[in-house]
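Data first, discussion second: the structure below is written as structure tokens.
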Amino acid sequence: RLLKELYISSPDEIRLEDIAMLNGVQVREGGLAGADARLVRMGSHGIIRISDKIRELGRKRFAMAHELGHWKLHQSASQLYDCSEQDMINYTGSPMEVEANTFASELLMPSMMFRPACRKGDPSLDLIRSLADEFCTSLTSTAVRYVEEAKETCIVVFSEQGKVKWWKGKDGYDASTWIDAKQQIHPDSAAWECLKDGVAVTLLQKVPKTCWFQNLREYRRFEAYEQAMQLGYYPIIVSLIWILE
């Protein structure tokens with residue numbers, strides 16, 4: 001509704017500082033201890049402060065959009081929000097943080113623009129990176145949005161120190177293939193190449209489905225293809241898993 005009210009029709013028109021100002025909110029960047037972003041509400045006016053420690057423009061924009069989500073959705077809940085990096089990747093915890101993340105994803109990557117763009121080719125991290133460039137978003141938020149909007153069934157997995165940290169799949173996908181929390185990275189996975197061999201980005205490759213889905217029901221028949229990469233400055237490996245029934 002907000003995008004329609006402002007007649008926004010392309011990614012380059014989603015200028016968050018302007019959108020915030022039109023809604024009575026100033027955006028500032030500066031020192032911020034213990035949080036990536038903070039929203040302070042004062043009646044019909046507010047201030048969003050973004051930590052100057054965030055390096056990537058895409059992450060900064062998601063933090064702004066997340067706080068705008070609190071501003072638009074949670075007026076009666078609190079006058080102050082301190083949001084960490086964990087809050088902004090949380091799709092299973094606090095309902096208000098989940099709502100703010102969903103708002104941010106839809107504001108930055110609206111379905112009417114993002115869905116056609118993510119269906120231009122087969123699933124790959126290369127496609128996700130090009131989408132992140134086009135929409136000026138972080139690789140993490142773009143990957144999460146991609147698995148929601150792609151016509152193929154995909155799961156994105158984020159692992160750290162050899163264990164699954166968190167993952168996101170297409171909404172409504174059969175729970176029998178879900179990945180166990182904190183399971184070890186399997187030696188036959190593409191993520192293992194990044195972890196042990198130092199490969200920055202692997203090729204998309206067929207992997208044994210039991211690499212990731214260790215509690216499969218016997219009747220499930222599908223093939224799993226995986227591409228993995230190191231996530232920028234962070235000790236995190238991103239795996240895109242494409243499931244072909």
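Fair warning: this is a prediction, and the values are worked out from it, not measured in the lab.
Within the model, atoms CG of L108 and CE of M113 stand 10.5 Å from one another, a figure rounded to the nearest 0.5 Å. A distance of 11.0 Å separates CD in E67 from NE2 in H74, rounded to the nearest 0.5 Å. Note that OH of Y146 is 13.5 Å distant from CE of M109, once rounded to the nearest 0.5 Å. Atom SG of C154 and atom CD1 of I128 lie 7.5 Å apart (nearest 0.5 Å). Rounding to the nearest 0.5 angstrom, the gap separating the CD atom in E226 from the OG atom in S189 is 5.0 Å. A distance of 9.0 Å separates CD1 in I185 from CH2 in W192, rounded to the nearest 0.5 Å.
Residues E152 and K170 form no side-chain contact, since every pair of their non-hydrogen atoms from C-beta on lies 4.5 Å or further apart. Side chains of F213 and I241 form a contact here, defined as non-hydrogen atoms less than 4.5 Å apart. The shortest distance between side-chain heavy atoms of L195 and S159 does not fall below 4.5 Å. Between W167 and V147 there is no side-chain heavy-atom pair separated by less than 4.5 Å.
Using a 4.5 Å cut-off between side-chain heavy atoms of Ile, Leu, Val, Met, Phe, Trp and Tyr, with links allowed through other members, V199 and L204 fall into different hydrophobic clusters. Linking ILVMFWY side-chain heavy atoms closer than 4.5 Å, directly or via other members, places Y225 and I179 in two distinct hydrophobic clusters. Under the 4.5 Å side-chain heavy-atom criterion for grouping Ile, Leu, Val, Met, Phe, Trp and Tyr, W178 is connected to V157 within one hydrophobic cluster. Put simply, F114 and L57 are part of two different groups of oily side chains (I, L, V, M, F, W, Y) that touch within less than 4.5 Å, one to the next. Cluster membership check: V156 does not share its hydrophobic cluster with L203, using side-chain heavy-atom separations under 4.5 Å among Ile, Leu, Val, Met, Phe, Trp and Tyr.
Evaluation of the salt bridge (charged side-chain N to carboxylate O under 4.0 Å, His left out) test over residues 194-216, restricted to residues two or more places apart or in two chains, returns K206-E223. Sorted by first and then second residue, the pairs that involve residues 110-124 and meet salt bridge (charged side-chain N to carboxylate O under 4.0 Å, His left out), not counting sequence neighbours, are R115-E149.
D18 meets the salt bridge (charged side-chain N to carboxylate O under 4.0 Å, His left out) test with R15; sequence neighbours excluded. Remark: Q183 pairs with no residue by the side-chain hydrogen bond (donor to acceptor under 3.5 Å, both in side chains) rule, at least two apart or across chains. In this structure, the side-chain contact (heavy atoms from CB on, under 4.5 Å) partners of P208, at least two apart in sequence or on a different chain, are D188, T210, C211. S84 is linked by a side-chain contact (heavy atoms from CB on, under 4.5 Å) to Q86, D87, counting only residues two or more places apart in sequence or in another chain. The side-chain hydrogen bond (donor to acceptor under 3.5 Å, both in side chains) search around Q227 returns none, not counting sequence neighbours. Scored by the side-chain contact (heavy atoms from CB on, under 4.5 Å) test, E245 finds Y173, R220, F222, I243 as partners (sequence neighbours excluded). Among residues two or more places apart in sequence or in another chain, the side-chain hydrogen bond (donor to acceptor under 3.5 Å, both in side chains) test is passed with Q184 by none.
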Check: residues 20-31 side-chain donor-acceptor pairs under 3.5 Å, at least two apart:
| unit_1 | atom_1 | unit_2 | atom_2 | d |
| --- | --- | --- | --- | --- |
| N23 | OD1 | K72 | NZ | 3.0 |
| N23 | ND2 | I19 | O | 2.8 |
| Q26 | OE1 | R28 | NH2 | 3.2 |
| E29 | OE2 | K60 | NZ | 2.9 |

Identify each donor-acceptor pair in which a side-chain atom of residues 131-140 lies under 3.5 Å from a protein atom, sequence neighbours left out, and give them as a table.
| unit_1 | atom_1 | unit_2 | atom_2 | d |
| --- | --- | --- | --- | --- |
| T137 | OG1 | T142 | OG1 | 2.7 |
| S138 | OG | S141 | N | 3.1 |
| S138 | OG | S141 | OG | 2.8 |

Could you tabulate the donor-acceptor pairs under 3.5 Å formed by side-chain atoms of residues 32-46, not counting sequence neighbours?
| unit_1 | atom_1 | unit_2 | atom_2 | d |
| --- | --- | --- | --- | --- |
| D36 | OD2 | R59 | NH2 | 2.6 |
| R38 | NE | D82 | OD1 | 2.5 |
| R38 | NH2 | D82 | OD1 | 3.3 |
| R41 | NH1 | W71 | O | 3.4 |
| R41 | NH2 | H70 | O | 3.2 |
| R41 | NH2 | W71 | O | 3.2 |

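Closest approach of A117 and L127 over heavy atoms only: O-CD1, 4.3 Å. Nearest heavy-atom pair, F158 versus A143, reported as atom, atom and distance to 0.1 Å: CZ-CB, 4.5 Å. What you find for L240 and S124 is that their closest heavy atoms are CD2-N, 3.5 Å. When all heavy atoms are compared, the tightest approach of H66 to C83 is NE2-SG, 3.5 Å. Shortest non-hydrogen contact noted between W212 and S239 is CZ2-OG, 3.7 Å. Among all heavy-atom pairs drawn from R61 and I14, the shortest one is NH1-O, 3.1 Å.
H186 and Q214 share no side-chain donor-acceptor pair at under 3.5 Å.
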Please lay out, stage by stage, how I236 and W166 fare under the test side-chain contact (heavy atoms from CB on, under 4.5 Å).
CA-CA 11 Å; I236 294 174; W166 66 283; over 6 Å; no
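Shown here is K53, whose NZ atom has no more than 12 heavy atoms of other residues, nucleotides or ligands within 6.0 Å.
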